[in-house]
**Student:** 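Handing you a structure now.
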Amino acid sequence: MPELPEVETMARELRPYVLGRAIRSFWCDRPAILGEPKDPHTLETLLTGRRIVATSRRAKIILFALDDGALLTYAPRMTGQFVVAPAGSPHESHERAGLELSDGMELRIRDARTFGRLNYYASVRAEPSEEGEGMRYLDARTGGDIFAALGPEPLDPHTNETVMLRLSARKYANQPIKSALLDQHFIAGVGNIYADESLWATKIHPQRKAGSLSLKETQRLFAAIRKILEVAVDHRGSTVGNYRSLGGPGRMQQHLAVYGRAGALCVACEETRLVKLKVGGRGTVICPHCQKL
DNA sequence: CCACGATCCTGCTAGC
DNA sequence: TGCTAGCAGGATCGTG
């Protein structure tokens with residue numbers, strides 16, 4: 001399930017196929033994947049003739065900057081992926097939308113469950129934030145950050161553990177630490193896989209109240225999140241389920257300690273079997289010996 | 001305001 | 001063997 005490392009990999013591997021290309025046409029036969037605008041023909045009018053000048057990532061969202069200042073964004077959510085194929089060539093299953101590019105290729109969105117979302121912002125200015133915590137994407141009309149609802153980027157070198165002090169904020173303090181990690185308002189890019197991995201690595205039980213973590217535990221947790229996400233990016237993400245970037249499946253699944261390993265022995269204590277529980281409605285794997293409430 | 005569950009959607013699989 | 005109920009979970013929305 002694409003989380004930060006998977007989406008980062010998708011954005012990187014997309015670049016050589018789309019940078020500098022103009023958009024000849026756009027199609028979408030499943031408007032459910034469209035956020036704004038919702039009408040495929042409206043979006044086609046906005047996109048046609050535009051050139052893709054940059055691709056990047058914010059949280060679990062891929063960004064395409066266009067030459068007229070617009071921004072096209074795609075959030076793959078659960079099952080969204082990209083396919084590049086010659087324009088008009090036979091479709092794979094579940095292809096829902098496509099951009100025909102000026103080099104004769106077509107960038108298609110393939111999404112079995114159609115949870116992914118394509119959005120268009122007419123005029124967005126990207127600039128480094130004053131705090132030095134990565135880029136801000138500002139609506140040129142209102143000046144507002146179009147991603148204001150998203151928390152900081154864990155891999156940004158300027159994001160430090162002080163952001164974790166927000167754990168004690170009332171909004172997060174009373175919820176399980178795992179739920180806070182999954183909350184994109186709190187920290188951006190962490191999903192079920194890397195939340196479980198980070199908590200296991202720091203021996204923190206996912207059901208601990210976020211506000212109960214000591215400063216030291218908070219710092220260790222943040223360091224673990226960053227480390228694990230970096231390693232996962234290096235391995236091009238985890239291919240569990242159907243995630244796949246243009247460069248093929250990732251390798252991080254071979255290095256996961258808990259996710260998908262319920263019933264297997266904990267690789268840390270080597271004496272206890274991992275168990276699966278539900279936290280905040282999400283499947284969660286822990287080592288009951290290493291992670292105590 | 002908050003916590004929790006339902007919802008979206010389809011493929012896969014455990015279990016009968 | 002074949003069918004089906006239930007699960008998978010990112011994000012949002014509705015309910016108690």
Side-chain angles (χ1 to χ4, degrees), chain A residues 1-11 28-36 38 57-63 73-83 91-97 109-119 146-151 153-154 166-199 206-212 225 229 232 237-244 249 252-253 256 258-263 274-286:
Chain A
M1 319 305 151
E3 302 180 26
L4 185 154
E6 290 76 27
V7 178
E8 176 67 27
T9 303
M10 290 169 76
C28 174
D29 62 9
R30 188 69 83 94
I33 70 164
L34 302 182
E36 275 307 319
K38 295 190 191 312
R57 175 197 60 78
R58 170 80 168 103
K60 303 174 191 171
I61 305 168
I62 293 157
L63 315 179
T73 70
Y74 182 61
R77 301 264 185 100
M78 299 290 292
T79 51
Q81 53 186 232
F82 289 111
V83 171
H91 287 192
E92 292 181 38
S93 56
H94 311 307
E95 289 184 351
R96 314 295 194 188
I109 287 171
R110 181 167 186 250
D111 186 354
R113 293 172 69 178
T114 67
F115 285 177
R117 286 294 178 276
L118 201 54
N119 274 286
I146 63 171
F147 300 128
L150 295 173
E153 287 290 325
R166 290 195 293 151
L167 281 177
S168 55
R170 197 149 40 103
K171 184 176 181 340
Y172 304 109
N174 214 31
Q175 54 179 303
I177 179 61
K178 169 155 179 182
S179 300
L181 294 182
L182 293 181
D183 186 338
Q184 301 300 297
H185 305 261
F186 174 66
I187 188 165
V190 178
N192 212 35
I193 298 172
Y194 301 110
D196 279 8
E197 293 295 314
S198 305
L199 289 164
Q207 281 169 327
R208 290 266 308 275
K209 299 266 189 226
S212 78
I225 289 170
L229 291 177
S238 300
T239 292
V240 292
N242 75 337
Y243 160 74
R244 180 171 256 278
M252 186 62 185
Q253 65 279 8
L256 299 178
V258 285
Y259 184 89
R261 296 193 67 245
L274 304 176
V275 299
K276 186 159 192 175
L277 35 134
K278 278 232 185 278
V279 179
R282 294 285 167 246
T284 301
V285 184
I286 67 161

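Not measured: the values here are computed from a predicted model. Reminder, nothing fancy here: chain letters follow the sequence lines and each chain counts from 1.
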**Student:** Does Lys276(A) put a side-chain nitrogen or oxygen below 4.0 Å from OP1 or OP2 of dA8(C)?
**Tutor:**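 Yes, because at least one side-chain N or O of Lys276(A) sits under 4.0 Å from OP1 or OP2 of dA8(C).
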**Student:** Does dT1(C) have a Watson-Crick or wobble partner in any strand here, with both distances under 3.5 angstrom, and which is it?
**Tutor:**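 For dT1(C), the partner nucleotide comes out as none, under the 3.5 Å rule.
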**Student:** Tell me whether Asp196(A) contacts the main-chain N or O of Val258(A) through its side chain, where contact means a donor paired with an acceptor under 3.5 Å.
**Tutor:**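 The answer is no, because no donor-acceptor pair under 3.5 Å joins these two groups.
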**Student:** Tell me if the side-chain of Arg113(A) makes a donor-acceptor pair with the base of dG10(C), cut-off 3.5 Å, by modelled atom types.
**Tutor:**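 Side chain to base: no pair below 3.5 Å.
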**Student:** Answer yes or no: does a side-chain N or O of Lys278(A) lie under 4.0 Å from OP1 or OP2 of dG5(B)?
**Tutor:**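 For Lys278(A), the contact criterion (side-chain N or O under 4.0 Å from OP1 or OP2 of dG5(B)) is not met.
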**Student:** Between dA11(C) atom P and Arg117(A) atom CZ, what is the distance in whole Å?
**Tutor:**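 Whole-Å distance recorded here is 12 Å.
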**Student:** What distance, rounded to whole Å, do you find between the two P atoms, one in dG5(B) and one in dC7(C)?
**Tutor:**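 About 14 Å, rounded to a whole number of Å.
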**Student:** Does dG10(C) have OP1 or OP2 sitting under 4.0 Å from an N or O in the side chain of Gln184(A)?
**Tutor:**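 Looking at the OP1 and OP2 atoms of dG10(C), neither is under 4.0 Å from any side-chain N or O of Gln184(A).
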**Student:** Nearest nucleotide by nearest heavy atom, which residue falls closer to the 5' end of DNA chain B, Asp111(A) or Gln175(A)?
**Tutor:**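 In this pair, the answer is Gln175(A).
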**Student:** Treating Arg58(A) as the side-chain partner and Lys60(A) as the backbone partner, does any N or O pair qualify as donor plus acceptor under 3.5 Å?
**Tutor:**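 No, the answer is negative, given that no donor and acceptor are paired below the 3.5 Å cut-off.
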**Student:** Separation of Tyr74(A) atom OH from dG10(C) atom P, in whole Å?
**Tutor:**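 To the nearest whole Å, that distance equals 14 Å.
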**Student:** Return the 5'-most residue of the pair Arg96(A), Gly281(A) with respect to DNA chain B, ranking by each residue's nearest nucleotide.
**Tutor:**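 Closer to the 5' end of DNA chain B: Gly281(A).
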**Student:** dC7(C) C1' sits how many Å from Leu277(A) CG, rounded?
**Tutor:**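 It works out to 16 Å between those atoms.
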**Student:** For Tyr194(A) and Glu6(A), test the side chains for any donor-to-acceptor distance below 3.5 angstrom and give the result as yes or no.
**Tutor:**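 Yes, Glu6(A) and Tyr194(A) have a side-chain donor paired with an acceptor closer than 3.5 Å.
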**Student:** Using only side-chain N and O atoms of Arg30(A), determine if any of them is under 4.0 Å from OP1 or OP2 of dC8(B).
**Tutor:**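 It does not, given that no N or O in the side chain of Arg30(A) lies less than 4.0 Å from OP1 or OP2 of dC8(B).
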**Student:** I need the NZ-C1' distance between Lys209(A) and dC2(B), as an integer number of Å.
**Tutor:**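 After rounding, the reported distance stands at 12 Å.
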**Student:** Give a yes-or-no answer on whether the side chains of Thr79(A) and Arg110(A) include a donor-acceptor pair shorter than 3.5 Å.
**Tutor:**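 Distance-only check fails for Thr79(A) and Arg110(A).
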**Student:** Roughly how many Å is it from CD1 in Ile61(A) to P in dG10(C), rounded to a whole number?
**Tutor:**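 Ile61(A) atom CD1 is separated from dG10(C) atom P by 14 Å.
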**Student:** Under the 3.5 angstrom rule, does the side chain of Glu197(A) hit a backbone N or O of Tyr259(A) as a donor-acceptor pair?
**Tutor:**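 The answer is yes, because a donor-acceptor pair under 3.5 Å joins these two groups.
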**Student:** Provide, to the nearest angstrom, the distance between the CD1 atom belonging to Ile187(A) and the C1' atom belonging to dG10(C).
**Tutor:**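 Rounded to the whole Å, the gap is 16 Å.
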**Student:** Is the phosphate of dG11(B) approached by His94(A) (side-chain N or O, under 4.0 Å from OP1 or OP2)?
**Tutor:**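 Checking dG11(B) against His94(A), a side-chain N or O does come within under 4.0 Å of OP1 or OP2.
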**Student:** Would you mind classifying the nucleic acid contact of Gly283(A) as base, sugar-phosphate or nothing, using non-hydrogen atoms under 4.0 angstrom?
**Tutor:**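 Sugar-phosphate contact only.
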**Student:** Which nucleotide in the list dG11(B), dG10(C), dC9(B) gets nearest to the side chain of Leu182(A)?
**Tutor:**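 Per side-chain heavy atoms of Leu182(A), the pick is dG10(C).
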**Student:** Say you pick atom P in dC9(B) and the same atom in dG14(C); how far apart are they, in whole Å?
**Tutor:**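 15 Å, rounded to whole Å.
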**Student:** Think Asn192(A) has a side-chain N or O under 4.0 angstrom from the OP1 or OP2 of dA8(C)?
**Tutor:**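 Indeed not, no polar side-chain atom of Asn192(A) lies that close.
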**Student:** Without decimals, in angstroms, what is the distance between Leu118(A) CG and dA11(C) C1'?
**Tutor:**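 So the two atoms are 16 Å apart, to the nearest Å.
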**Student:** Indicate yes or no for a side-chain donor-acceptor contact from Gln175(A) to the backbone of Ala173(A) under 3.5 Å, with no hydrogens or angles considered.
**Tutor:**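 Not a single qualifying donor-acceptor pair exists.
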**Student:** How far does the P atom of dA6(B) sit from the matching atom of dG6(C), given to the nearest Å?
**Tutor:**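 Going atom to atom, P in each nucleotide, I get 13 Å.
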**Student:** Determine the interatomic distance between C1' on dA11(C) and the same-named atom on dC12(B); round to the nearest Å.
**Tutor:**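 Straight-line distance between the two C1' atoms is 22 Å.
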**Student:** Taking CG from Leu4(A) and C1' from dG10(C), how many angstroms apart are they, rounded to a whole number?
**Tutor:**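 Leu4(A) atom CG is separated from dG10(C) atom C1' by 14 Å.
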